[in-house]
Enquirer: 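Quick one: the structure is below, and I'll ask about it shortly.
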Amino acid sequence: MTVLVLVDAPTKADDRRQKLFSSPEAKLLLKALEREDVPYKVASLYPSPIQTKKLGKKDQAKFHDYLPHIAKKHKCQTVILVGAMPFQALTGKGGVTKANARPIEKDGLVYIPCVSPYAATHDPKVGWQLKVVAMRAREVNEFGGIPFEQDLNSIMVKDKKTIEQLLWALVGELSFDIETSCLYPWQTHDDKGNEAPAQIKMIGFGTLKEQFHILTPNHPDCPFTEKEYFDLLEDIDRAITRNQVRLVTHNGKFDFLWIMAHYGFPWYEHQHYDTMLAHYLLDENSRHGLKELAQTLCGAPDWDVDKDTKKGATPDLEKFVRYHAHDLYYTIALKNKLVKMMNAEPRVKAVYDHILLPCSSLFTEAEYDGVYIDVSKFDEAENYLRNELKQCEDRLKQWGSIEWGSPKQLAKLLFEDLGIDPPVMTEKGNPSTSESALNQIDHPCVGDLIKYRGAKQQLSFFIEGWKPFLHRRKINGEWHYFLHPSFKLHGTVTGRLSCEHPNLQQVPRDKRIRSLITAPPGWTLIECDLSQIELRIAAALAEERNMIEAFVRKIDVHWLTAIREIERGGGLKELVIDTAKTWKQLKKIEYSEAIEVLLEMGPDAAAEINAEWKEYRKKAKAINFGYLYGMWWKKFKLYARDNYGVEVTDEQAGASRTAFFELYPDYPEWHKRQKRLARRDGYIETLSGRKRRLPDAMSSFDSPARGAAERQAINSPVQSLANEINLMAALQLRNEYGRDKVRLSATVHDAILACVKNEYVGEVTLRLLKIMERPELMDVLDINLLVPIEAEGKVGPWGAGVSLKKWKESLRVQG
DNA sequence: TGATAGTGCGCG
DNA sequence: AAAGCGCGCACTATCA
């Protein structure tokens, strides 16, 4: 049957119909269809050019009704909607790029949205998108509708017989999947402020042979009363527990979290396999969606449907169930495939078995518990920031009345109206108004500007930004507030976790904001972090003798770098000698001797004598990380200028880099080794066995892309392992203490935040520090480091906690 | 008008 | 030819 290619309504100014037939780009879709052997006809959405590029509401409605008529006239059942306008006519919405090649069924016709081929002039990706459209058109045309899996055996659980059938089937290995009204289990309103409660619409279990669907009372077609439904859930829960059912999921943390939040069943304890996490370890560079993976790895059809159907919000129940059945079926099919793939990589499998899969359950629990927000301080902080913002605005008024948050308006005011020379340009050549640029401007407004921005950003990030996620819960008759950030275990290419809604890992160190996060009544928040873990790991991997020695001798390496850097230039004579003299209570001391004294006393003692030392250590920290991971001296120059207002000459900057590698002479060899391995294999391995695939490193010629891959080959094994040690410790903490004593709140790359029942704070903190210094899983994964690992603990609200010792003292004082 | 890309900044 | 790595979020500019 012929497929109809329906082109944009042409405009008077820009006759796309003309272009579709004339320009080579516009012919791309037609060529793709020819290559797929799809017979087609071309038609225009509207016979004569219209006045505007945008469709008004009236036009939209007209075209919408017109669509089936065109199809009928041309005797076509499949219609390719080319460009934004026909898509908008059908759906009433924009977003054709996202909908590209995803068929939509309506009035017995199948519409295939397609991006405008004309876009190929400036976007090479479009060529591929058009090809996918052509392939989809062929499939739809051959199938006579949207293709779906033929092998499915959907069973709707609705009566005594089907309930029996389901309960009998709950043995062995089953896929598990739910459909929900939204993504956040504690949502009450949507982003437009309309009431939109979080609801589970359907839950399901499946195998390759049969797929069971249970509509919840939130769905209009649910065959059960509330009571019947919850009785059924109890029966299912008993069967899962009694039969030790092994649940297979795709991103099961999502489903299990909802089940926990809405029903309270800890089904996450039965998680047996997760296809998303498995695929993440097998290919961290690509995407991990179930549909995409099933299509590429199992040859599945594209069974995606529109959002409303997915949410169970359309009357087309059959479509909803079929969608769910595909999810259940292909979760198992995909698992079978991934198991085979992973068996070929036993070390990767060990990371999956021992870290990633257990973390899925661990973080389901952590997200369920959430982090506790001190709401009284929340209001206090909000008032403070609003006041601060107003004061800055009042003071800024004298320089002009503009939107101070707009970089464009600000740039105009500063560099045109006030005639200041722009010190920094953005990449596009506009005068920059970034903080480092402002710092270089000598004008009385900069202080207020920076303050204004800071307050405004904190307000919108942490006050306004958090509000939609605040979850209110009554405990002992009083309201308490929690955030439930979502941790993506597959969020980064290195194995770190990412965090969103909101992102807890970017909360500023500012006490006012950070200490909003604490523990609920009866519990205390603790934070334990791995001190200087990345440097320790880098030193161990590179077998860097000087850095290892520093760690063994418990010298702060940032401090070591700082002092050696100062010594090299023979600078800061007065400060060095003064500080050493005060510390040793001497009348006189030589410079070289004073340097050794400083090394010995450490940064904290030095800072007590002169606060300037803090800055020098901070600077050295940036140097350590920068040079370690391949920073070039030019960047160091910029860094010194922007952060310390120090103009360093090229020679000085170059010398600083040379000095770093003289201080730590074993790093260059390690850099070379990592590059060599990445180039030879196309990937590098972390000590745990995790792989970081870097195809760009295999390039035979030197290019920026290869350079980037090589630097990742140096950084990844370090960053990966640091995070893995942290996760291993978090897992062990969970294994050693029950939920009645300890609850994980969050991890922040090299730190663990947990709530501890008050009576156990001392014991648990000490134990956690011990665990972090040597998690048992390191032995299981056969990881040995040449450097000692050290951990540090703080007790109390986040960012405002005190050492365990001080905390115990304060308890004694209080009695 | 609304989705996408770029910038800037918070964190490790 | 260009040279720290890894994120998420708010805001603006840009394009169709």
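Every chain is numbered from 1, with letters handed out A, B, ... down the list of sequences.
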Enquirer: Taking the basic N atoms (NZ, or NE/NH1/NH2) and the acidic carboxylate oxygens, is any pair closer than 4.0 Å for A:Lys634 and A:Asp650?
Expert: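 Not counted as a salt bridge, because no side-chain N and carboxylate O are separated by less than 4.0 Å.
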Enquirer: Nearest to the A:Ser498 side chain among C:dG6, C:dA2, C:dC7, which nucleotide is it?
Expert: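 Among the listed nucleotides, the one closest to the side chain of A:Ser498 is C:dC7.
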Enquirer: Which nucleotide sits closest to the side chain of A:Pro508: C:dA2, B:dG10, C:dC11?
Expert: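 Looking only at side-chain atoms, A:Pro508 lies closest to B:dG10.
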Enquirer: A:Glu534 CD to B:dC11 C1': how many Å, rounded?
Expert: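 Answer to the nearest Å: 13 Å.
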Enquirer: Looking at A:Lys614, I'd like to know if its NZ atom is crowded, meaning that more than 12 non-hydrogen atoms belonging to other residues, nucleotides or ligands lie closer than 6.0 Å.
Expert: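 Count not over threshold, so no.
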Enquirer: Counting only distance, no hydrogens or angles, is the base of C:dG8 paired donor-acceptor with the side chain of A:Gln506 under 3.5 Å?
Expert: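 It does, because a donor-acceptor pair links the side chain of A:Gln506 to the base of C:dG8 below 3.5 Å.
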Enquirer: What is the distance, to the nearest angstrom, from the NZ atom on A:Lys456 to the C1' atom on C:dC9?
Expert: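 Value for this atom pair: 15 Å.
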Enquirer: Classify the side-chain pair A:His558/A:Asn624 by whether it contains a donor and acceptor separated by less than 3.5 Å.
Expert: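 Yes, side-chain donor-acceptor contact under 3.5 Å.
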Enquirer: For A:Asn503 and B:dG12, what is the distance between atoms CG and P respectively, to the nearest whole Å?
Expert: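 About 11 Å, once rounded to whole Å.
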Enquirer: Taking atom P of C:dG4 as reference, at what distance in whole Å does atom CD1 of A:Ile623 sit?
Expert: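 For the pair A:Ile623 CD1 and C:dG4 P, the rounded distance is 14 Å.
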Enquirer: Would you say the side chain of A:Gln719 and the base of C:dC5 hold a donor-acceptor pair, judged only by whether the two atoms sit under 3.5 Å apart?
Expert: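 Side chain to base: pair present.
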Enquirer: I'd like to know if A:Arg711 reaches the base of C:dG4 with its side chain, counting only an N/O donor and acceptor under 3.5 Å.
Expert: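 For A:Arg711, whose side chain was compared with the base of C:dG4, there is no donor-acceptor pair (under 3.5 Å).
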Enquirer: What integer distance in Å separates A:Leu530:CG from B:dG12:P?
Expert: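 After rounding, the gap between these two atoms is 13 Å.
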Enquirer: Starting at atom NZ of A:Lys488, determine the distance to atom C1' of B:dG12, rounded to an integer number of angstrom.
Expert: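 To the nearest whole Å, that distance equals 18 Å.
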Enquirer: Is A:Val493 touching bases, backbone alone, or none of the nucleic acid, heavy atoms closer than 4.0 Å?
Expert: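 Sugar-phosphate, no base atom in range.
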Enquirer: Give one of base, sugar-phosphate or nothing for A:Asp702, where a contact means two heavy atoms less than 4.0 Å apart.
Expert: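 Since a base atom lies under 4.0 Å of A:Asp702, the category is base.
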Enquirer: Hey, is the side chain of A:Arg509 poking within less than 4.0 Å of OP1 or OP2 on B:dG12, counting only N and O atoms?
Expert: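 For A:Arg509, the contact criterion (side-chain N or O under 4.0 Å from OP1 or OP2 of B:dG12) is met.
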Enquirer: Among A:Ile517, A:Val748, A:Thr747, which one satisfies side chain to side chain contact (heavy atoms under 4.5 Å, CB included) with A:Leu504?
Expert: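 Looking at A:Ile517, A:Val748, A:Thr747, the match for A:Leu504 under the side chain to side chain contact (heavy atoms under 4.5 Å, CB included) is A:Ile517.
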Enquirer: Mind calculating the distance between CG (A:Asp650) and C1' (C:dA3) to the nearest angstrom?
Expert: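 From A:Asp650 CG to C:dA3 C1': 15 Å.
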Enquirer: Please check if the distance between the ring centroids of A:Tyr184 and A:Phe469 is under 6.0 Å.
Expert: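 They qualify: ring centres under 6.0 Å apart.
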Enquirer: Could you give the angle between the helix axes at the two ends of the helix from B:dT1-C:dA16 to B:dG12-C:dC5, with five pairs per end, rounded to 10 degrees?
Expert: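 Axis angle across the helix from B:dT1-C:dA16 to B:dG12-C:dC5, nearest 10°: 10°.
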Enquirer: Report which part of the nucleic acid A:Lys635 touches: base, sugar-phosphate, or nothing (heavy-atom distance under 4.0 Å, all strands).
Expert: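 Sugar-phosphate, backbone atoms only, no base.
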Enquirer: Does A:Arg496 make a side-chain donor-acceptor contact with the base of B:dG12, cut-off 3.5 Å?
Expert: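 Indeed there is one.
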Enquirer: Once you apply a heavy-atom cut-off of 4.0 Å, does A:Arg706 come out as touching a base, just sugar-phosphate, or nothing?
Expert: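 It contacts nothing in the nucleic acid.
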Enquirer: Would you measure the distance from the C1' atom in B:dC9 across to the matching atom in C:dA2 and give it in whole Å?
Expert: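 Taking atom C1' in both B:dC9 and C:dA2, they lie 25 Å apart.
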Enquirer: Let me know the distance between CZ of A:Arg690 and P of C:dG6, rounded to the nearest Å.
Expert: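 Rounded to the whole Å, the gap is 14 Å.
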Enquirer: Would you mind telling me which of C:dG8, C:dG6, B:dC11 lies closest to the side-chain atoms of A:Phe461?
Expert: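 So the nucleotide nearest the side chain must be C:dG8.
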Enquirer: From the list B:dC9, C:dC9, C:dA3, which nucleotide is the closest neighbour of the side chain of A:Trp632?
Expert: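 Ranking B:dC9, C:dC9, C:dA3 by closest atom to the A:Trp632 side chain puts C:dA3 first.
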Enquirer: What is the minimum heavy-atom distance between A:Ile714 and A:Lys675, and which atoms define it?
Expert: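 Nearest pair, atom of A:Ile714 first, then A:Lys675: CD1-CE, 4.3 Å.
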Enquirer: At their closest point, which heavy atom of A:Gln506 faces which heavy atom of A:Phe462, and how far apart are they?
Expert: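 Closest heavy-atom pair between A:Gln506 and A:Phe462: O-CZ, 3.7 Å.
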Enquirer: Would you indicate which nucleotide in C:dG4, C:dG8, B:dC11 comes nearest to any side-chain atom of A:Met631?
Expert: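 Nearest nucleotide to the side chain: C:dG4.
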Enquirer: Considering only NZ, NE, NH1 and NH2 on the basic side and carboxylate oxygens on the acidic side, decide whether A:Glu534 and A:Lys621 come within less than 4.0 Å.
Expert: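 Salt bridge: no.
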